[in-house]
Protein chains: 2
Amino acid sequence: MTRACQAKISDIATQISCLQCSINTICFPSGLDLDIRDELYNILNHPPPLERGDLLFRTGATMKGIYAVRSGAIKTYITDENGQEQVTGYYLPGELLGLGAIHNGRHFQNAEALESSYLCMIPVNDINRLSKSHPQIQEQLIHLLSKQLQNHHKMVWHLGLKNATSRVAALLLNCSERCHARGFSASEIKLNLSRQDIASHLGLAVETVSRIFGQLKKENVITFKGRQIDILDFDTLNQHVGTKMATTEKIPRI
Amino acid sequence: MTRACQAKISDIATQISCLQCSINTICFPSGLDLDIRDELYNILNHPPPLERGDLLFRTGATMKGIYAVRSGAIKTYITDENGQEQVTGYYLPGELLGLGAIHNGRHFQNAEALESSYLCMIPVNDINRLSKSHPQIQEQLIHLLSKQLQNHHKMVWHLGLKNATSRVAALLLNCSERCHARGFSASEIKLNLSRQDIASHLGLAVETVSRIFGQLKKENVITFKGRQIDILDFDTLNQHVGTKMATTEKIPRI
DNA sequence: AAATATTTTTGATAAATATCATGTTGTCGC
DNA sequence: GCGACAACATGATATTTATCAAAAATATTT
């Protein structure tokens, strides 16, 4: 039995360690002297744990620093003038949040906890200060930004797929891939977005998402109980997306 | 009469200058000494001009450097296993291309010229070399990456809109905004994607895109002749998107 | 300029998805 | 455990969008 993708804050076993965290190349770059690593560890900030529904930041807020999800899950969303939410992303343990705000110091989206979540934060001032003396930190930041940009290219691809089933399949595979990259199971995933969140993210009606989940279950492509999803047939999901998903990990062929 | 957004390579008047180019903070950071600026200017590479249909790079190709569109227009796309193209982005004069490849050195998408295009390229090796002595270059790169990430957040938002007209409206406003940010007209834009490209980008059928363009024309929201589009009624387009578009330029309110 | 190919538009119909209504399941607080 | 509430599922119908077919407009070549 492999571990589930998400974790309650109390469930220490599924909390990601710094070693598996995508920010660790910033927190603990391997080539750095030990005293610097200590200093980095010291500036690492731990905001109070979030409960489901708590906001980490909101649109327009001043950026305090870069966040990394340590346990739990975060969604980002835009609110339109009628108060309607549109989910623009979700973040799993080990993933970074708020990088888009570096260039102007303000957040573009709202970020909200989907469950009890525990985060790390590197204050932006400290990054800037330490970067002066340690250019390697900036190198790592560039690396992380570039990786996140590529993830977003993938998201743009998935959201441009022409039918609802493809988009749902792409979301499931994307979640699976990201869980797997963090050392969790690729097949047993907890996607803690509500059906409404998924619908809003993919530009669909809730009922459509619900029906597609039901259909995929009937065809034995997935099983699920609530938000805990088991992927049974990766091939079929990949066929829906239309391509073997090029993972960030695997280097694509020419 | 304001200038059109795009330019033929021969049309020197509409070529963007380094001053308006988003890469210029890398090429010519204002705080740098003159000798460094000279050095940066020297490493700036000018690949051969591209004609319509020419590929700048393809999926899986080794990244040579960061590209900036100087004139013309570039689209990026994924090709699925059936050879079907899906457009994932388009790039206007002054915009950067290929930043997502920094972290693994390989391009994730194909990039193809939509018309005769002229580009600048900063070889990745030279950036790395110069960064060692001039940390300011890395700072600028972080800034540019973050900005592009925020643009992609916006794109994810737009592609998640629930109906076809909204997505087309968002595309038009996005193009307008980007043209305007480069000193071109916000209302008279040349969107040199074919209707098929637009459809593929937005997850629609060509015919649907064509009908929506026709409908918007009938309602006097836009006029167009081929790919030259004039926006007459920004308010209506914004209503379709559901929000006054938060531009990258304007700082959003809390 | 004529001929050819490509892109765009338009119409008729089929298919997919949204909406509305309602029932079911699950969750949270007590 | 029970009641109240939210999330999820399902059916019937309306609307939107895709598909197929073909014409019109535009671009490209000769």
Side-chain angles (χ1 to χ4, degrees), chain A residues 6 8 10 51-54 73 75 82 84-87 112-116 159-169 171 190-219 222-229 240 242, chain B residues 6 8 51-54 75 82 84-87 112-116 159-169 171 190-219 222-229 240 242:
Chain A
Q6 306 284 316
K8 288 261 169 65
S10 57
E51 292 304 318
R52 190 156 86 84
D54 288 349
K75 72 172 172 182
N82 308 318
Q84 280 292 329
E85 281 185 18
Q86 185 177 327
V87 173
E112 183 183 317
L114 290 164
E115 56 186 288
S116 303
L159 290 173
L161 289 168
K162 280 189 184 45
N163 62 69
T165 308
S166 306
R167 294 208 285 280
V168 171
L171 182 75
K190 181 165 174 205
L191 182 57
N192 211 349
L193 295 165
S194 69
R195 300 284 187 269
Q196 179 56 64
D197 286 337
I198 294 172
S200 132
H201 184 48
L202 302 179
L204 301 170
V206 210
E207 296 93 333
T208 305
V209 172
S210 188
R211 277 186 251 266
I212 287 169
F213 269 69
Q215 184 66 22
L216 290 173
K217 184 187 253 179
K218 215 172 73 182
E219 294 166 353
I222 61 172
T223 60
F224 61 90
K225 189 162 163 48
R227 298 174 188 183
Q228 178 69 41
I229 302 164
H240 278 296
Chain B
Q6 305 286 315
K8 287 261 170 65
E51 292 304 318
R52 189 156 85 84
D54 288 349
K75 72 171 172 181
N82 308 317
Q84 281 291 329
E85 281 185 19
Q86 186 177 327
V87 173
E112 182 183 317
L114 290 165
E115 57 186 286
S116 303
L159 289 172
L161 290 168
K162 279 191 184 44
N163 62 68
T165 307
S166 304
R167 293 208 286 278
V168 171
L171 182 75
K190 182 166 174 203
L191 182 56
N192 212 349
L193 295 165
S194 68
R195 299 285 186 267
Q196 179 57 64
D197 285 336
I198 295 171
S200 132
H201 184 48
L202 302 179
L204 302 170
V206 209
E207 296 93 332
T208 305
V209 172
S210 187
R211 277 185 253 266
I212 288 169
F213 269 69
Q215 184 67 21
L216 290 173
K217 185 186 252 179
K218 214 172 76 182
E219 294 166 353
I222 62 172
T223 62
F224 60 90
K225 189 162 163 48
R227 298 173 188 184
Q228 178 69 41
I229 302 163
H240 278 294

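The shown structure was predicted, so the numbers you read here are calculated from the model rather than taken from an experiment. In what follows, chains carry the letters A, B, and so on, assigned in the order in which the sequence lines appear, proteins first and then strands, with residues in each chain numbered from 1.
- For the pair I229(A) CD1 and dC8(D) P, the computed distance is 10 Å after rounding to whole Å.
- For a distance-only test at 3.5 Å, the side chain of Q196(A) fails to qualify as a donor-acceptor partner of the base of dC8(D).
- Here dT16(D) presents its C1' atom at 16 Å from CG of L202(B), a figure rounded to the nearest Å.
- Taking atom CZ on R211(A) and atom C1' on dA18(C), their separation rounds to 9 Å, with Å as the unit.
- Without hydrogens or angle criteria, R195(A) side chain to V206(A) main chain gives no donor-acceptor distance under 3.5 Å.
- Note: CG (L204(B)) to P (dT17(C)) measures 12 Å, nearest angstrom.
- Residue K217(A) places none of its side-chain N or O atoms closer than 4.0 Å to OP1 or OP2 of dA9(D).
- Nearest to the side-chain atoms of F224(A) among the listed nucleotides dA12(D), dT17(C), dA9(D) stands dA9(D).
- Protein atom CZ of F213(B) is 16 Å distant from nucleotide atom C1' of dT10(C), rounded to whole Å.
- Under 4.0 angstrom from either OP1 or OP2 of dG26(C) there lies at least one side-chain N or O belonging to K225(A).
- Rounding to whole angstrom units, CG of residue L216(B) and C1' of dT8(C) are separated by 16 Å.
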Check nucleotides 3-7 of chain D against the protein and report each pair of N or O atoms closer than 3.5 Å, with its distance, or say if there are none.
residue, atom, partner, partner atom, Å
dA7(D), O3', R227(A), NH2, 3.4

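- A donor-acceptor contact under 3.5 Å is not formed by the side chain of E207(A) with the base of dC8(D).
- You'll find the side chain of S200(A) stays beyond 4.5 Å of the side chain of D197(A), heavy atoms only.
- At a threshold of 4.5 Å between non-hydrogen side-chain atoms, the residues L191(B) and F224(B) do not count as touching.
- Note: CD1 (I212(B)) to C1' (dA18(D)) measures 12 Å, nearest angstrom.
- Between E85(A) and K75(A), at least one side-chain N (NZ, or NE/NH1/NH2) sits under 4.0 Å from a carboxylate O, which counts as a salt bridge.
- Listed pair T208(B) / dA18(D) meets the phosphate criterion, a side-chain N or O lying under 4.0 Å from OP1 or OP2.
- Between the CG atom of L193(A) and the C1' atom of dC8(D) there is a distance of 15 Å, rounded to whole Å.
- With the nearest nucleotide of DNA chain D identified for both K162(A) and S210(A), S210(A) has the one nearer the 5' end.
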